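For clarity, every value in this text was computed on a predicted model and none was experimentally measured. First listed ligand is number 1; within each ligand, the first listed atom is number 1.
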Amino acid sequence: MSGAGVPEGTGVPAGAGGLPVGDGVRRVAVIGAGPGGLYFAALAKKLAPHREITVWERDDRDDAFGFGVVFSDETLDGIAQADPQVFAALSAEFARWSDIDVRYAGQVRTCGGHGFAALDRNRLRAVLQERCAELGVAVRYRTPAPPVARLAAEYDLVVAADGVRSATRAAFAEAFRPELDERHCRYIWLATDKVFEAFTFIVEQHDFGALQVHAYPYSERRSTFIVEIAEEAWRKAGFDALAGRESRRGESDLASVRRCEQLLAGHLDGHRLIPNASRWIRFTTVRNASWHHRNVVLLGDAAHTAHFSIGSGTKLALEDALALAAALHEQPVLEHALTAYETGRRPVVESAQRAAQASLEWFETVGRHTGQGAGQFAFNLLTRSRRVTYGNLRARDAAFVDSVDADFADADLADTTNGNATNGNAPGGDATSPGGAGVPPMFRPLRLGGLQLRNRIVVPPLATFTAVDGLPSGFDRAQLAAQALGGAGLVFTGMTAVSAQGRATERCPGLWSDAQEAAWRALVRSVRELGDTPLGIQLTHAGRRAASTVPGPDGIGHPLADGWPALAASPLPWEPAGPPPREAGAAELAGVAADFAAAAARADRAGFDVLGLQFGHGHLVSGFLSPLTNHRTDRYGGPLEHRLRLALEVLDAVRAAWPAGKPIVVRISAADWAPGGTTEAEAVAICRALAAAGADALDVSTGEVVAHQRVPYGRGYQVPFADLVRNATGIPTVAVGAISGHDDANSVLLAGRADLVAVGRAQLYDPLWTLHAAAEQGYAGPGARWPQPWQAGSRRPPGPGADRVAPRLRLLPEAAAPVHRRWLPDRPDDQPPERAPARPADRPGRKTTEPAPN
Ligand SMILES: Cc1cc2nc3c(=O)[nH]c(=O)nc-3n(C[C@H](O)[C@H](O)[C@H](O)COP(=O)(O)OP(=O)(O)OC[C@H]3O[C@@H](n4cnc5c(N)ncnc54)[C@H](O)[C@@H]3O)c2cc1C
Ligand SMILES: Cc1cc2nc3c(=O)[nH]c(=O)nc-3n(C[C@H](O)[C@H](O)[C@H](O)COP(=O)(O)O)c2cc1C
């Protein structure tokens, strides 16, 4: 198709997709000689030497920006088998180490076992440039690429590796549908001649706010040093005035560099910060709905970016290059090759972007955690992206996790009196917890109000929709019994209505009549006979979500065709075509509070230990809290303090009817996932007010407030809200939502993101989830009590092949990789090593050693 005409519209040949690759993709144009473009060109040429590949680069061959790039072992394996020659050349340059140092609050915490390799970005480019030259790729330096439409017409394939500000992406914005998300922090990319021994995170609290550094060595003489700071702190520190000075393109903001040098002098030991076209910028996360359009394909930063705090964009660009070259080789038709490239890479990139998003948000809100102890802070930082977990870290460096575990057990519980929940253990926790180090955080006890919980796992409200006439069913009893036997520290019933009108569905139980109270009392008594697991009941008035169908697989009910009239803050139907609810009058609201109080008194008499209040998920009270569903102009609507009124009236009434020593747990929706919904600041204010009015814990859920929500579901996606509330209010929080594994539960608790973890669907899948988690972790203490009749099953059954004994096949024992490996190259005379002298070298001039204990 070379030389095909340019059709109207995008300017890209319409028939490009159907060409066979073997013969059809002979001429390839690559825009950009960054790492992505060069590596693709080299691999594509290596696989098909007859191909004519031309790379355009607007900068000179030796123009250089950026400093070091880091790779994980996984990426290195890919490079090693794709092109051993490139790998060999790169390996000779690598700085290698395995430790991460977290410098925080005047202390250093080190975690080993990670495995990093880094090198100078410009050496990487030089190696790739040489490889391209060797293979016969034509690279035109100092030559801006011709317009992409022309290239697309003249070449069989155009690879746009033109970086984060890709002009190709902009030219075909309608086809690629890019989304550019510019983030809140400022950062400046620098180097230093201080050679760090490990990946080093520095978080310092200054009078203007937190200042953080991401630093890592990349040669015998240099480290990358990225300084990051939240916008507000950046202004308060006066960086805006320094950055605002006139400068030419490519010039560094030297005044800011010097100021960073002063502020971070304690970590630089007299060394300099070295700029290279370094200015304060904001990170932009790039996403594209499509990465290819006819015969034009995006690669590297042009297609996607991932925040620098989880590793370099260079790694993703190189992996893209490998995948695209492989797809062209394997797929006979160009369109299929480009689809295969995108289909293969997209989930990997999106997974990296999810981790990067969690990580960048963690750094954006780092001030939330700067009250934590050094060990917990380090653990929190290391597990911020949710990719690294309690279990991963334990496998990498058990001593590090043990020390954080021990801090967690020993945390100063006196803090509860001043409401500070940031100092390790939970407010109200039990300092005399059994076990000591080695007890997984989920099996630590917790005191909630007057109640002692044996562990940190909760079965959240899980409605069964099996009630008739508001009476709990046999299945409700079976579910509560199974879950009470399953080991969780606290088990809730599903939502239970305080009035007939407040039922979400016809199949929901209630607690407004004597018959219902008697049925619940009998049910609680029968479950009590099985064990002493604390039982909670969730009370609700479903508001505009009342009179719905039993939810389908999406978990959402729809208005019944012949339902009863619903009550709400404002007459807004749940679905546009649904029946509008009636706006509640003040007298009716007083009646609702009284219904809650009466149901609470009945729940106490029925024998429940904990009261849950459903103030989330768009039920009546939630509908008053959210600005999206409360359009009132009376004293229940408008500003937040008015929208809070019903919640506080209900809580006051309930608190008066419910015994003082028994805890109340309030569930809220901390976000509505729709524009104009509850903000983070409002969620914090709501939780503060609920805590002041007598809530003992907050169960922090999100969503289900409006039908047009767009929820970013994913593992632990609601945890940041529990974290926000816990660290802002100091009262215990329950994290919930797609927390399915004990490893994640332990991570959430040990990092101080929540005090309790609610596991819902996973405990429907396996009602013995908690006991099985204990068996899998080899824990057999008071935090996980097997029912006596089931003791014989309390050990994990042997799996298939468990009786096979492997013979010894090694003559000499395999040397275990050291947990701690630091980068300690031979240093020039003027730079003495800070730590103990190095052990025997890996290879001449590169040494690693065990670190001094910190
Ligand atoms: C200031 C800064 C410093 C950085 N430092 C580091 C670092 O130290 N370590 C690290 O891992 N990552 C660093 N990054 C990120 C890193 O550069 C990218 O993630 C990575 O290089 C992506 O590779 P790429 O090949 O997709 O794009 P790039 O490396 O950005 O390459 C794109 C290339 O395309 C060229 N180009 C663009 N348009 C045209 C055109 N029309 N014609 C011809 N040529 C064109 C550009 O000149 C550039 O060379 C840095 C980024 C910035 C902004
Ligand atoms: C079958 C089912 C019933 C539920 N019933 C309730 C309920 O009655 N009240 C409530 O607040 N949440 C209810 N939820 C939401 C859960 O309590 C929990 O917040 C949600 O399932 C997310 O946790 P998970 O990902 O661990 O399942 C229900 C969820 C499911 C799957």
task = Check each heavy atom of Glu57 against ligand 1 and say whether those closer than 4.0 Å belong to the side chain, the backbone, both or neither.
result = both
query = With the threshold set at 4.0 Å, does a side-chain nitrogen-carboxylate oxygen contact exist between Arg150 and Glu154?
reply = yes
request  = Run down the list Trp189, Tyr39, Phe308 and name the one with the heavy atom closest to atom 4 (C) of ligand 1.
outcome  = Trp189
query = Aromatic ring centroids of Phe308 and Trp189 under 6.0 Å?
reply = yes
query = Hey, mind stepping through Phe94 and Tyr218 against ring pair (Phe, Tyr, Trp, His ring centres under 6.0 Å) and telling me if it holds?
reply = CA-CA 7 Å; Phe94 282 138; Tyr218 66 85; over 10 Å; no
ask   = By number and element, which atoms of ligand 1 are closer than 4.0 Å to a non-hydrogen atom of Gly68?
value = 7 (C), 8 (O), 9 (N), 10 (C), 11 (O)
key: Option set Ala145, Pro147, Ala167, criterion heavy-atom distance to atom 41 (N) of ligand 1, minimum   = Ala145
query = Checking Arg545 against Trp574: charged group under 6.0 Å from the ring centre and within 45 degrees of the axis?
reply = yes
Contact atoms of ligand 1, heavy-atom distance to Gly34 under 4.0 Å = 25 (O), 29 (O), 31 (O), 33 (C)
Lys/Arg N to Asp/Glu carboxylate O, Arg222 vs Asp193, below 4.0 Å = no
key: Best match, Ala321, Gly36, Ser278, Ala191: closest heavy atom to atom 24 (P) of ligand 1   = Gly36
message = Which protein residues come within less than 4.0 angstrom of ligand 2, counting heavy atoms only?
response = Pro460, Pro461, Leu462, Ala463, Gly494, Met495, Gln538, Gln614, His617, Arg667, Val736, Gly737, Ala738, Val759, Gly760, Arg761
message = Under 6.0 Å between ring centres: does that hold for Trp291 and Phe172?
response = no
ask   = Does Arg96 make a cation-pi contact with Trp823 (under 6.0 Å, within 45 degrees of the axis)?
value = no
message = Quick check on contacts: which atoms of ligand 1 are under 4.0 angstrom from a heavy atom of Gly163?
response = 27 (O), 30 (O), 32 (C)
note = Quick note on ligand 1: atoms under 4.0 Å from a heavy atom of Gly300 include exactly 26 (O)
ask   = With atoms numbered from 1 as shown, which atoms in ligand 1 lie under 4.0 angstrom from a non-hydrogen atom of Phe67?
value = 7 (C), 8 (O)
inquiry  = Just to verify, which of Ile537, Leu523, Val459 counts as forming a side chain to side chain contact (heavy atoms under 4.5 Å, CB included) with Leu480?
reply    = Leu523
key: Atoms in ligand 1 flagged as close to Trp56, the criterion being non-hydrogen separation under 4.0 Å   = 43 (C), 44 (N)
message = Between Ser166 and Asp162, is the side-chain hydrogen bond (donor to acceptor under 3.5 Å, both in side chains) condition met? List the steps.
response = CA-CA 5 Å; Ser166 167; Asp162 50 351; 2.7 Å; yes
remark   = In ligand 1, the atoms that come under 4.0 Å of a heavy atom of Asp301 are 18 (C), 19 (O), 20 (C), 22 (C), 26 (O)
Rounded distance (nearest 0.5 Å) linking atom CZ of Phe201 with atom OG of Ser309 = 7.0 Å
query = Taking the six-membered ring for Trp, are Phe596 and His541 ring centroids under 6.0 Å apart?
reply = no
task = Check Leu151, Thr54, Val159 against Ile31 for a side chain to side chain contact (heavy atoms under 4.5 Å, CB included) and give me the one that passes.
result = Leu151
message = Out of all atoms in ligand 1, which are within 4.0 Å of some heavy atom of Val69? Include the element for each.
response = 9 (N), 10 (C), 11 (O)
message = Can you tell me which portion of Pro35 lies within the under-4.0 Å heavy-atom range of ligand 1? Options are side chain, backbone, both, or neither.
response = both
query = Do NZ/NE/NH1/NH2 and the carboxylate oxygens of Glu319 and Arg345 come within less than 4.0 Å?
reply = yes
message = For the 3.5 Å polar cut-off, considering only N or O atoms, please tell me whether Thr314 and ligand 1 meet it.
response = yes
